[in-house]
Each structure stands twice: as structure tokens, then as C-alpha cells.
Protein chains: 2
Amino acid sequence: MTDTASRPGPGRPPSMTDPVGSILGAAAGLFAGKGYEGASLQDVARAVGMTKAGIYHYFGSKQDLYDAIVLSVLSDMLENAQAAVAQADGHDTRLRAFMVSHGRYLQENHDKYRASFIGRAGGDTTGYTENQIDARRNYTRFLEQIIRDGCADGAFETDDVPTTARGILGMLNWMARWYQPTGPKNAAEIADGYATLILAGLAPR
Amino acid sequence: MTDTASRPGPGRPPSMTDPVGSILGAAAGLFAGKGYEGASLQDVARAVGMTKAGIYHYFGSKQDLYDAIVLSVLSDMLENAQAAVAQADGHDTRLRAFMVSHGRYLQENHDKYRASFIGRAGGDTTGYTENQIDARRNYTRFLEQIIRDGCADGAFETDDVPTTARGILGMLNWMARWYQPTGPKNAAEIADGYATLILAGLAPR
DNA sequence: CCATTTACCTACCCATCGGTCGGTAATTGT
DNA sequence: ACAATTACCGACCGATGGGTAGGTAAATGG
């Protein structure tokens, strides 16, 4: 469908569009829609106006391609979250900034996000590389630290920080399954609503 | 791995164990671990001590087999939730009963649950049959009704019931990705903790 | 102007996939 | 006792999967 590159024949002039970028984009769309196993490299090649062998010129394997997507998503999300949180002051504001930043990323990178979070079936460790697991852990730890800091200052109250963090990420990540950009609220707004709910839940009584 | 049935050769005696049940069980385990596309009927057959063709004696297609699992999970969960909620009085208690019942189902049917909720990649409508979508909607509506009733009586406060319901289900369903029965808390306890958090968040201020 | 590199393509390999076909031994109904 | 049914199995099918080999034309560097 996304057929940006024309094919004037073998030995084409320097392609206007960065091929790595369009491969990544097409792959993200397909993994998001049909899943990692469900989408073939044939599909990706077709979407990008190339052959399967052409893709192997840029990526060593299907897994490599998927890796590149997930890693970029995770590192971008962490970077965004850090920037957003750094600008916020107060524990409530910080947690809200984290969650809204997460929602905004989904909103602006729907395919990549979905590919990363629901692109593969099975558990958290199935088919994910070490790098991916590390990146996920970094992101999770960052959220946990926000919560922990809030607890230390008496702004939040929880008896189990990791489980709370997982719950928050669950609300957010599950959006990948149902969120549609055409809905009445955008993802950042939804995340903001969830932040309000969670913040009230975490308030010490 | 799970090789309960022995194979004494063609024309075996009446198998002690219900073949449909063991196929369903083996398939659930494999779909949970490797995903719908990642697990082959060959795998299922091997796990159950049968041939692929043997499975087609009981199920018309791979999709049928998956359908049977998902539909049973969804209808069992709804039934459990209805029973649990019926016994509870007060809006808080009812919502908590719903969530704990959800957690308990995960705990007691880990493979089937995972197969149903993260067994397929992609969005909520990809690769799911009409029946599955209906069953999911019934379950979601039931939760929404609990929340709406609470709001009507002034026990809860939300401006967006469907989105709140999705958030709650997100926390719960995402557990399929990370919950391990060997952890310090069981799934029902975790769900109970989430209920406490959500209930505080929903309290009118 | 020529050698190298880049950026692909065509053709192919082999494993595996979902699914089918025709059999066959035990079980069941009469 | 015998026909029908049940519960499978072995062999097979066409399609497709990830991945590879070897080529070829344009772009690039000297």
C-alpha cells in the first residue's frame, strides 16, 4: 500500500527516500497489523517496492529488522519520558508527565508502537533479544523510580512499587490493542485521564 | 513435552483421557508460549501424542481450535464474574469482586488465558471471529455496567466509563505478559491490589 | 577512464505450513 | 455375526516461509 519508491529498473538512481527508513516504516505497519510471524518479508518487500533479497541488503535477518524497530521505539520513549519528566516539578506532575508522554508517543507512532508492544505473541521474554529486554527494563525502572521518589516524600502511597508500575504500564500498553486515532479522544488525552485516576489512587489517605 | 497419551499403535483402545480436552490443553499451552502463528498443528499433535490428521478429526481447522479455546475462556470468565459480583453488595465490593475474579481466572487457567489474550498479535479485531468479538464485548459491557451503576449512585466518579473500563481491563490483561505463578503474589492478590488502587481513584472527591 | 562499491534483482533452496485423501483397526449397534 | 461408525495414521499436496547465490547496472573514488 505505502508505495513511495518507484522502480525504474535495475540500478536505479540514488533513491530520493531513505530505504532503511521506508523499510522500517513498512515493516512496522505490517508487524502491527498481522504480527511478527504473520507478516512475511515478502509482504514488507512488496510494501516498499523492493524484493525480499533487497531487504537483506540492509538487514541481516527478519529478527534484526524487528529488533531495529523495537529498540528505536523503546529508546525514543525513554528519551521522551526523561525530557518530559525533567521539565515537571512535583511528584504528581512528574508521574502525569510520564504517562502523557507515553500516550503521545503512541499517538504519533502508532504502527511502531503497536509492532513493539503487540507485534509478537507470547510472554515478555519470548522471541525478544537481550537488548530489547534491557531497554524495556530501563523504561520500567524509570517509572518505578518516579513512584518510589513520590513514596519517599509522602506524596504517594503503595506497598508494591513494581506491581503498581506494571499496572500503569498495562493500562497504557493495552491501548495498543484498542486505540484508534479516529476516536473522540487522542491517546495523550486518554493517558492524561488515566494519570488522574492513578494519581487519586496513589494519594496517601 | 506434555506427553500423557501413549501410542500402542493403530487402532488404540478407548483412550482413558478425553482427546478433545487434551488437544485443547496442549494447544493452549503452545499458543500461549509461541503464539497462534508461531505454533503449528504439528506441534500440537506431537504434544498430545497424535498426528496432525488426527486433530482434524476433532477440529475443522486451526482457527476452529483457537476459537474453541478463546470462546470457552471468555464465557467462563463472564460466568465467574457474574457469580462473584452477584454475591457482593455495595459498588466498591462489586468492582473488587469483578477484578479479583478476573485475576483468579488467570491464576487457575494460565495457558488458556494467555492464549486468549496475547496468543495473537495485532489489534483487537485481527484474526478474531464474530463470536469472539461478541464474547469480548459482553465481558466489557458487564464491567462498564458495574462502573455506571456506581456512578449513578454517587459511589464512583468518572467522565468516561468505557475508557475507564478499558484501563482496568488493560491492567488485568497485561498481566498475561508478565505474571508468573512462581512470584511472591498470586494473580488474585495482585488484582485485589489493583482494585484498591482503582477504587481510590474512582472515589468522588 | 577504470576499478570498486552500492544497491539492488532473478532464481533458487529446503523446511515447514495448513489441509486433504484414502486407508485400517477397534468399537458399537442391531 | 456383521455393517456402520469412530478414531485415528501415513503419505501426500500446493503454497509459502526465511534465507542464499550470483549477477548487473549505476554511482563513486582515484
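Chain A is the first sequence line, chain B the second, and so forth, proteins listed ahead of strands; every chain is numbered from 1.
For Lys62(A), whose side chain is taken as the heavy atoms from C-beta onward, the closest listed nucleotide among dC9(D), dG19(C), dG19(D) is dG19(D). Considering only the side chain of Thr51(B), dG10(D) comes nearest among dA7(C), dC17(C), dG10(D). When each of dC8(C), dG19(C), dT10(C) is scored by its nearest atom to the side-chain atoms of Met50(A), the top-ranked nucleotide is dC8(C).
Taking 4.0 angstrom as the limit, Gln42(B) places none of its side-chain polar atoms (N or O) nearer than this to OP1 or OP2 of dG18(C). At dC8(D), none of the side-chain N or O atoms of His57(B) fall inside 4.0 Å of OP1 or OP2 (strictly under the cut-off). In this structure, Tyr58(B) reaches the dC8(D) phosphate: one of its side-chain N or O atoms is under 4.0 Å from OP1 or OP2. OP1 or OP2 of dG17(D) lies within a sub-4.0 Å distance of a side-chain N or O belonging to Ser40(A). Under 4.0 angstrom from either OP1 or OP2 of dC21(C) there lies no side-chain N or O belonging to Tyr56(B).
Counting heavy-atom neighbours within 6.0 Å of Arg136(B) CZ, excluding the residue itself, gives a total above 12.
In this structure, the NZ atom of Lys52(A) is 11 Å from the P atom of dT20(D), given to the nearest Å.
For Lys34(B) and Glu37(A), the salt-bridge test fails: no basic side-chain N is under 4.0 Å from an acidic carboxylate O.
Annotation: side chain of Gln132(A) is in contact with side chain of Tyr66(A) (closest heavy-atom distance under 4.5 Å). No side-chain heavy atom of His91(B) sits less than 4.5 Å from a side-chain heavy atom of Leu95(B).
At a threshold of 4.0 angstrom between heavy atoms, the contacts of Ala45(B) with the nucleic acid are absent.
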